[in-house]
Amino acid sequence: QVQLVESGGGSVQAGGSLRLSCAASGYTRSRFCMGWFRQAPGKEREGVGKIWLGLGVTYYRDAVKGRFTISQDNAKNTLYLQMNSLKPEDTAVYHCAADADVSWLACSSGSWWNFRDWGQGTQVTVSS
């Protein structure tokens, strides 16, 4: 049984930084697609960034490029989202997601879809 558990959310002032973690368990493969999504109040969920584990190929939405970085720790089976220069518009519930049924090409492209597995989410609040 696969499981994704996020942590690291919180409140920060604009310009500050936070690092989210996502502990993954139950996966038998070492190379598959993982991503971070977010959903702000009253808005649809949107993809933030994706990574193809093993190769480290990433894709970010334009709004976070240069500010957010996705990384992985294979030994800990953990995915990270380092968020710098945070803005009030980054306020949302952030979800970790995984999909072992897609190719690395899809993972590294600009396409977004409903990933197969989801974490419960962690709140990020950025005040001005």
Side-chain angles (χ1 to χ4, degrees):
Q1 182 178 355
V2 299
Q3 189 175 25
L4 300 171
V5 179
E6 303 99 332
S7 61
S11 297
V12 65
Q13 289 191 329
S17 298
L18 282 173
R19 188 179 77 160
L20 306 183
S21 300
C22 174
S25 60
Y27 291 91
T28 58
R29 296 170 54 182
S30 61
R31 295 190 175 195
F32 55 93
C33 192
M34 290 193 73
W36 289 95
F37 291 74
R38 66 187 181 186
Q39 187 165 19
K43 295 187 177 181
E44 291 188 355
R45 186 175 62 199
E46 64 181 15
V48 174
K50 302 174 283 176
I51 185 169
W52 181 259
L53 300 180
L55 291 178
V57 179
T58 57
Y59 178 86
Y60 300 93
R61 71 180 302 110
D62 288 346
V64 306
K65 282 181 181 177
R67 300 190 298 123
F68 290 12
T69 303
I70 295 175
S71 61
Q72 61 179 111
D73 185 328
N74 291 330
K76 297 181 179 179
N77 293 325
T78 300
L79 188 73
Y80 300 100
L81 178 66
Q82 177 67 44
M83 304 184 293
N84 299 327
S85 302
L86 282 161
K87 304 176 181 180
E89 53 263 42
D90 294 319
T91 295
V93 176
Y94 283 71
H95 294 269
C96 171
D99 198 331
D101 296 332
V102 298
S103 70
W104 74 270
L105 282 174
C107 191
S108 60
S109 74
S111 298
W112 294 100
W113 64 94
N114 189 31
F115 277 41
R116 189 187 71 182
D117 308 314
W118 293 86
Q120 82 287 354
T122 184
Q123 176 70 45
V124 171
T125 303
V126 184
S127 58
S128 58

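Just so you know, residue 1 is the first one in the sequence shown, and it goes up from there. Owing to the predicted nature of the structure, the values given are computational and were not obtained by experimental measurement.
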Linked, directly or transitively: Trp52 and Phe68 (ILVMFWY side chains, under 4.5 Å): no

Distance-only side-chain donor-acceptor flag, Asp117 / Tyr27, under 3.5 Å: yes

Heavy-atom donor-acceptor pair, Ser109 side chain to Cys107 backbone, under 3.5 Å: no

Heavy-atom side-chain contact between Leu86 and Thr91 under 4.5 Å: no

Closest non-hydrogen atom pair, Ala24 against Leu4: CB-CD2, 3.6 Å

Sequence neighbours excluded - salt bridge (charged side-chain N to carboxylate O under 4.0 Å, His left out) pairs with any residue from residues 13-34: none

Residue pairs, two or more places apart or on separate chains, that pass salt bridge (charged side-chain N to carboxylate O under 4.0 Å, His left out) and touch residues 82-91: Arg38-Asp90, Arg67-Asp90

Nearest non-hydrogen partners of Pro88 and Ser128, listed with the distance: CG-CB, 3.9 Å

Pairwise ring-ring contact (aromatic ring centres under 6.0 Å, His included) hits with a residue in residues 72-99, at least two apart: none

Pair Tyr60-Val48, side chain to side chain contact (heavy atoms under 4.5 Å, CB included): steps then yes or no: CA-CA 6 Å; Tyr60 300 93; Val48 174; 5.6 Å; no

Side-chain heavy-atom pair Trp112, Tyr59 within 4.5 angstrom cut-off: yes

Partner set under side chain to side chain donor-acceptor pair (under 3.5 Å) for Gln82, not counting sequence neighbours: Asn84

Set of residues satisfying side chain to side chain donor-acceptor pair (under 3.5 Å) with respect to Arg45, sequence neighbours excluded: Asn114

Rounded distance [0.5 Å steps], CE in Met34 versus OG1 in Thr78: 9.0 Å

Where Ser108 and Val57 come nearest, the two heavy atoms and their spacing: CB-CG1, 3.3 Å

Any Trp118 side-chain heavy atom under 4.5 Å of Cys96 side chain: no

Donor-acceptor contact below 3.5 Å, side chain Lys50 vs main chain Ile70: no

Partners passing side chain to side chain contact (heavy atoms under 4.5 Å, CB included) against Ser11 (at least two apart in sequence or in another chain): Thr125

Test side chain to side chain contact (heavy atoms under 4.5 Å, CB included) applied to Ser127 - qualifying residues, sequence neighbours left out: Gln13

Nearest heavy-atom neighbours spanning Gly9 and Val124: CA-CG2, 4.3 Å

Sequence-distant partners of Gln120, side chain to side chain donor-acceptor pair (under 3.5 Å), two or more places apart: Glu6

All pairs passing salt bridge (charged side-chain N to carboxylate O under 4.0 Å, His left out) where residues 93-107 contributes a residue, at least two apart: Asp101-Arg116

Selection residues 52-64 - residue pairs positive for salt bridge (charged side-chain N to carboxylate O under 4.0 Å, His left out), sequence neighbours left out: Glu46-Arg61, Asp62-Lys65

For Phe115, ring pair (Phe, Tyr, Trp, His ring centres under 6.0 Å) partners two or more places apart: Phe37, Trp113

Closest approach of Leu53 to Gln72 (non-hydrogen atoms, all atoms of both residues): CA-OE1, 3.5 Å

Close side-chain approach of Val102 to Phe32, heavy-atom, < 4.5 Å: no

Pairwise distance SG(Cys33) to CD1(Ile51) - rounded to 0.5 angstrom: 9.0 Å

Of all pairs that satisfy ring-ring contact (aromatic ring centres under 6.0 Å, His included), the ones with a partner from residues 5-24, not counting sequence neighbours: none

